[in-house]
*Asks:* 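The structure under discussion is supplied below as structure tokens; questions concerning it will follow.
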Protein chains: 2
Amino acid sequence: MPKTSQAAGLHRASLAKLHDLDASLELMYYGWRGMTLEADDYLARQGLSRPHHRILYVVARRPDIAIGALIEILGISKQALNRPLNLLLERKLLTSTRAPEQHRSKLLRLTAAGQRIEQKASDHERKVMRRAFERAGPSGAAAWMAVMEAIADNN
Amino acid sequence: MPKTSQAAGLHRASLAKLHDLDASLELMYYGWRGMTLEADDYLARQGLSRPHHRILYVVARRPDIAIGALIEILGISKQALNRPLNLLLERKLLTSTRAPEQHRSKLLRLTAAGQRIEQKASDHERKVMRRAFERAGPSGAAAWMAVMEAIADNN
DNA sequence: CTTCTAAAGTCAACATAGTTGACATGAAGG
DNA sequence: CCTTCATGTCAACTATGTTGACTTTAGAAG
């Protein structure tokens, strides 16, 4: 577990642009960092990190999700899920119960403490997005989302 | 070194949206993945990965950069830089020379082979961006960049 | 020439995040 | 009862990063 991991400002490097799209590659990189920096810092102070947040984020939005479905969404192996998930259970940020009817799979749910941490971490990220969208206005925000969808689906 | 590492399609999860900005958090995540997926796949086939690409990318845009400056830009420790950098030197994708005047620091430069790989990997990323920008049009592209700048600088 | 300093390189120990492969357990269903 | 499927666990491995403690190299200052 990393300790506090202070900001690491890392000024956006002034690199010569060899291609017209180089600026956008760098913006994607620094944008991802910019969005996650404060959240990661907060998580580190809780003794957690990005994979823990990813688990909490998904479970918050899919209460009673089974382990198999979680693995699918996260895109990692069950062995890779194992350690962060167990930590969250030990720390009582998550509960795992067996449903009365469907005893075969365990159902994951956030505890109140888990909800609090998920909310605070995601709030840091949403705050960054909100500020950027406020600057850009509704049409800019919509354009950003349209471009990101095209990139994500890459089609 | 990971082997071919096939795509990992990972359909954008349909998660309930607890907050209005949740969609944008997920778009940032899947956008980053979408942009880097093909490039990472190409790099893996070359026995390389993202840190190697980052080094090649920076050196391509700052020929004759010194190690210390490279560490600054990449934001990692010199020990972390050491292994990927040595691999690139061994594979003759980079050269390190001492300048006639300034013998104190080594100057890094891409070889022809290094340039080829940097170009191909970055091309995969630029291709994704180009397609998205074509869909969005010039004004959409400009709006995307403005939002990303605000996120990256987080101010 | 000697000494100090800065850049670079190296070594060890560690943490985290992921992988495969192999195998154990526990509940549902035929 | 026996199979199957979801889950859990163990081991070994790779990769990427960290800190700390050096050494080496070469320019600069005395």
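By convention in this document, chain letters (A, B, ...) are assigned in the order of the sequence lines, proteins followed by strands, and residues within each chain are numbered from 1.
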*Asks:* Donor-acceptor check, side chain of B:Arg61 to backbone of B:Tyr57, threshold 3.5 angstrom: yes or no?
*Replies:*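 At least one qualifying donor-acceptor pair exists.
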*Asks:* In whole angstrom, give the distance that lies between atom CZ of A:Arg54 and atom P of C:dA17.
*Replies:*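 Roughly 11 Å, once rounded to whole Å.
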*Asks:* Tell me the interatomic distance from B:Glu90, atom CD, to C:dT10, atom P, rounded to whole angstroms.
*Replies:*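 In whole Å, C:dT10 P and B:Glu90 CD are 10 Å from each other.
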*Asks:* Expressed in angstrom and rounded to an integer, what is the separation of A:Asp40 atom CG from C:dA17 atom C1'?
*Replies:*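 Answer to the nearest Å: 14 Å.
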*Asks:* Between C1' on D:dA6 and CG on A:Leu107, what's the gap in Å once rounded to a whole number?
*Replies:*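 To the nearest whole Å, that distance equals 12 Å.
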*Asks:* Between B:His53 (NE2) and D:dT16 (P), how many Å, whole number?
*Replies:*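 Spelled out: NE2 on B:His53 to P on D:dT16 is 14 Å.
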*Asks:* Which part of the nucleic acid does A:Arg83 contact within heavy-atom distance under 4.0 Å: base, sugar-phosphate only, or nothing?
*Replies:*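 It contacts base atoms.
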*Asks:* Would you say that A:His52 contacts A:Leu43 through its side chain, given a criterion of any heavy-atom pair below 4.5 Å between the two side chains?
*Replies:*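 A:His52 vs A:Leu43: side chains apart.
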*Asks:* Mind checking what makes side chain to side chain contact (heavy atoms under 4.5 Å, CB included) contact with B:Leu89, not counting sequence neighbours?
*Replies:*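 Residues passing side chain to side chain contact (heavy atoms under 4.5 Å, CB included) with B:Leu89: B:Leu85, B:Asn86, B:Leu94, B:Ser96.
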*Asks:* Please list, chain by chain and in numerical order, all residues satisfying side chain to side chain donor-acceptor pair (under 3.5 Å) with B:Arg116, sequence neighbours excluded.
*Replies:*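 B:Arg116 satisfies side chain to side chain donor-acceptor pair (under 3.5 Å) with no residue once adjacent residues are dropped.
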*Asks:* Measure CG/B:Leu108 against P/C:dA7 and give the value in whole Å, please.
*Replies:*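 Taking atom P of C:dA7 as the reference, CG of B:Leu108 is at 15 Å.
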*Asks:* Kindly indicate, with the supporting measurements, whether the criterion salt bridge (Lys or Arg N to Asp or Glu O under 4.0 Å) is fulfilled by B:Arg50 and B:Glu125.
*Replies:* CA-CA 12 Å; B:Arg50 192 125 293 274; B:Glu125 300 183 354; 2.9 Å; yes
*Asks:* Within the sub-3.5 Å range, which N or O atoms of nucleotides 7-11 of chain D have a protein N or O partner, and how far apart are they?
*Replies:*
residue: D:dT7; atom: OP1; partner: A:Ile67; partner atom: N; Å: 3.3
residue: D:dT7; atom: OP2; partner: A:Gly68; partner atom: N; Å: 2.8
residue: D:dG8; atom: OP1; partner: A:Lys106; partner atom: NZ; Å: 2.4
residue: D:dG8; atom: N7; partner: A:Lys78; partner atom: NZ; Å: 3.4
residue: D:dG8; atom: O6; partner: A:Lys78; partner atom: NZ; Å: 2.3

*Asks:* Give a yes/no on whether any side-chain N or O of B:Ser77 is located under 4.0 angstrom from OP1 or OP2 of D:dT19.
*Replies:*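 It does not, given that no N or O in the side chain of B:Ser77 lies less than 4.0 Å from OP1 or OP2 of D:dT19.
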*Asks:* Can you check whether B:Leu15's main-chain N or O pairs, donor with acceptor, with B:Lys17's side chain at less than 3.5 Å?
*Replies:*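 Judged by distance alone, yes, a pair lies under 3.5 Å.
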*Asks:* Tell me the interatomic distance from A:Leu81, atom CG, to C:dT19, atom C1', rounded to whole angstroms.
*Replies:*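 Computing the A:Leu81:CG to C:dT19:C1' distance gives 14 Å.
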